[in-house]
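All ligand and atom numbering here is 1-based and tracks the order in the structure.
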Amino acid sequence: MTSSSLPTTLDQLPPACDDIQFNYCKTVACANFSRTEPQLYVLQNSNLQRPVLICRECGAFPPVLSNHDVVAEKQRLKLEQYSGLAACSNNDCPHNGLPVLTYRQYYHAFGFSGERQRYRCKACHHTFVDPWSSSNNKHQLQQKLLAYLFTGYTVREICRRLTMNPKTFYDQLNKIAARCRRQLTIFDARLSKQSLARQLATDLTPLQPQSNNGVLWIATAEVNSGYVMSQHVNYQTQPVTTSVTHHDAYQLGTRFITPHNNQTSNYTPILSQGLLAHIDTTYRQILARKNMENPLSGNVTINYPTKGCLIRPQYTVYSHFLYLRELLNPNIPTLTVFMPQETLLRSACLSVFIDRINNHTIDPLYVVEDQQWQHGQHAEKIDIVLMGWWRDRWAFSRNNSGSKGICHLGGNKKDQQHWLTIASHRAATTYQQRFYDQFNHMVNEPRRKLRPASLLPLLDIYRAWHNLCHQNKAGITPAQTLGLMSSPMTLEQLLQ
Ligand SMILES: [Zn+2]
Ligand SMILES: [Zn+2]
């Protein structure tokens with residue numbers, strides 16, 4: 001179909017999937033906020049590059065999204081988290097892929113196979129063994145490998161020291177990552193039993209900052225402990241056959257980006273300037289994107305990875321929040337989410353937690369601060385400025401050392417003082433920064449620039465180490481701070 005034969009207006013929203021309909025006005029103060037009747041909107045498709053909903057009430061123009069592809073992407077994230085764990089492997093069974101570790105009620109213990117525990121699925125009667133129920137005979141080797149990796153040795157040096165070839169190295173790395181996912185699944189499940197108020201920090205950053213390979217990395221951490229609850233990337237190692245050139249929310253499989261090299265030469269980095277000007281520039285850059293909720297549709301260069309497939313970031317980010325919503329105990333009285341100024345994070349967080357927005361049990365906030373701003377200091381004088389196309393209400397504070405701005409995205413105008421003092425997404429940001437520092441040789445190695453797949457096992461290992469083993473100055477791990485474990489885990493215990 002050519003662009004001239006396409007209708008310029010559509011009469012239906014992209015169809016809902018699993019009760020999810022994310023296409024609606026996202027202006028919290030608008031009468032149409034969260035309403036999904038198509039007649040409330042003009043559905044414009046005249047510009048193939050920018051199909052949008054236009055709200056008849058407030059004029060906002062949120063990009064449209066395929067609900068089906070969000071759900072499919074969330075399924076992908078879930079299967080990756082559970083991959084390698086003991087679970088029903090029957091594709092036609094409703095328990096397929098759901099691990100015994102967290103879904104014990106779906107399975108019966110069913111004797112042993114050698115020293116390994118056997119299970120039977122209650123739904124389809126399929127039986128399987130738990131590969132992790134016997135002792136790890138590569139334990140010593142894996143411990144050495146990890147120790148070298150965390151001390152900054154390159155893959156080549158580690159292979160030489162352990163007399164192994166690179167293939168064996170990556171095989172072992174993948175086995176370690178699967179063990180780490182298993183440990184994390186146990187502690188994440190404990191976390192989801194807690195029903196205390198939660199404060200979270202989210203950040204979104206390139207996985208390999210010097211490669212421009214289009215792979216973005218989103219991480220969300222609990223603010224006070226630093227425990228990283230989940231992290232995802234918009235990249236999968238399996239290729240796909242169904243990618244579409246232009247994003248079309250009415251087509252299945254639209255989340256996959258077609259392999260291409262997208263070079264733009266007029267990239268201008270943000271210059272250091274005042275906080276207010278910085279926020280204003282960011283709003284302009286977001287408005288200039290072809291799709292406001294896709295950071296890769298702006299003025300960016302993409303050098304497409306040599307293998308695997310990129311996913312439009314909005315699908316991974318919406319799914320990341322869906323994943324979090326499932327992980328959090330639904331009885332949590334209040335939820336707070338601190339994030340950098342990014343329309344995609346705002347839209348995804350508001351859309352997924354729409355019920356909490358409507359009953360005022362969530363505080364989503366943009367936080368922008370100088371390097372010099374000292375966290376926790378009292379905000380003395382507060383200035384209110386309405387910013388961006390949306391006239392977002394920002395509160396600013398400045399003192400001798402630096403400045404900070406916050407914007408409550410749920411429309412709450414109170415407690416500015418309080419938020420200026422406590423709001424910060426540093427828990428997520430420093431976690432990501434430490435990853436770059438810790439694995440600098442792997443993240444930035446020139447030969448790896450278009451091969452992000454080799455970093456994926458490292459992400460699981462790093463999250464496990466960070467949550468369960470890494471101690472703060474007081475000798476306490478993030479998991480201990482949350483009361484999920486009583487003492488730090490050693491690398492040896494992590495690999496058992
Ligand atoms: Zn509206
Ligand atoms: Zn089954």
Side-chain angles (χ1 to χ4, degrees), residues 9-14 21-45 50-65 67 75 78-79 81-111 113 116-133 185 249 283 286-287 291-293 343-344 346-355 357-358 360 364 386-393 407-413:
T9 56
L10 301 161
D11 54 6
Q12 287 299 319
L13 298 172
Q21 176 53 274
F22 282 146
N23 297 290
Y24 43 68
C25 175
K26 286 163 190 166
T27 310
V28 177
C30 175
N32 289 351
F33 175 69
S34 82
R35 295 180 62 185
T36 55
E37 300 93 312
Q39 66 273 19
L40 300 175
Y41 306 98
V42 179
L43 280 152
Q44 196 180 59
N45 209 18
R50 288 184 93 141
V52 291
L53 285 181
I54 300 169
C55 173
R56 292 186 193 269
E57 186 72 26
C58 73
F61 41 95
V64 286
L65 196 70
N67 302 299
Q75 191 62 14
K78 223 170 165 172
L79 286 177
Q81 171 63 30
Y82 293 153
S83 86
L85 303 187
C88 177
S89 60
N90 174 1
N91 284 328
D92 300 324
C93 176
H95 299 168
N96 177 249
L98 300 175
V100 180
L101 261 180
T102 32
Y103 297 89
R104 203 159 280 275
Q105 70 275 22
Y106 292 167
Y107 303 99
H108 292 295
F110 202 67
S113 174
R116 292 171 168 189
Q117 176 70 51
R118 179 171 283 280
Y119 291 98
R120 186 162 84 160
C121 173
K122 287 184 186 173
C124 71
H125 299 159
H126 179 81
T127 68
F128 53 89
V129 293
D130 181 355
W132 307 104
S133 54
T185 303
Y283 274 124
I286 289 169
L287 269 178
N291 180 325
M292 279 188 307
E293 295 182 1
T343 295
L344 171 56
R346 173 196 183 277
S347 295
C349 181
L350 260 62
S351 304
V352 167
F353 292 108
I354 200 88
D355 293 345
I357 296 280
N358 286 329
H360 308 289
L386 301 181
M387 299 196 70
W389 186 92
W390 300 268
R391 314 288 290 154
D392 284 343
R393 191 173 185 277
C407 173
H408 195 294
L409 302 166
N412 187 345
K413 295 178 186 170

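Heavy atoms only, all atoms of each residue included: Asn32 and Cys25 are closest at O-CB, 3.8 Å. Residues Tyr24 and Ile354 share a closest heavy-atom pair of OH-CD1, 3.5 Å.
Rounding to the nearest 10°, we obtain 100° for the angle at the Zn ion (ligand 1) between Cys58 SG and Cys25 SG.
Taking 2.8 Å as the criterion, Cys88 counts as a coordinating residue of the Zn ion (ligand 2), since one of its N, O or S atoms falls below it. Inclusion of Cys124 in the first shell of the Zn ion (ligand 2) is supported: an N, O or S atom falls under 2.8 Å. When distances to the Zn ion (ligand 2) are checked against a cut-off of 2.8 Å, Cys93 contributes an N, O or S atom below that limit.
Between the side chains of Glu293 and Ser347, a donor-acceptor pair is found at a separation under 3.5 Å.
When each of Cys349, Ser351, Ser34, Pro364 is tested with Ile357 by the rule side chain to side chain contact (heavy atoms under 4.5 Å, CB included), just one qualifies, namely Pro364.
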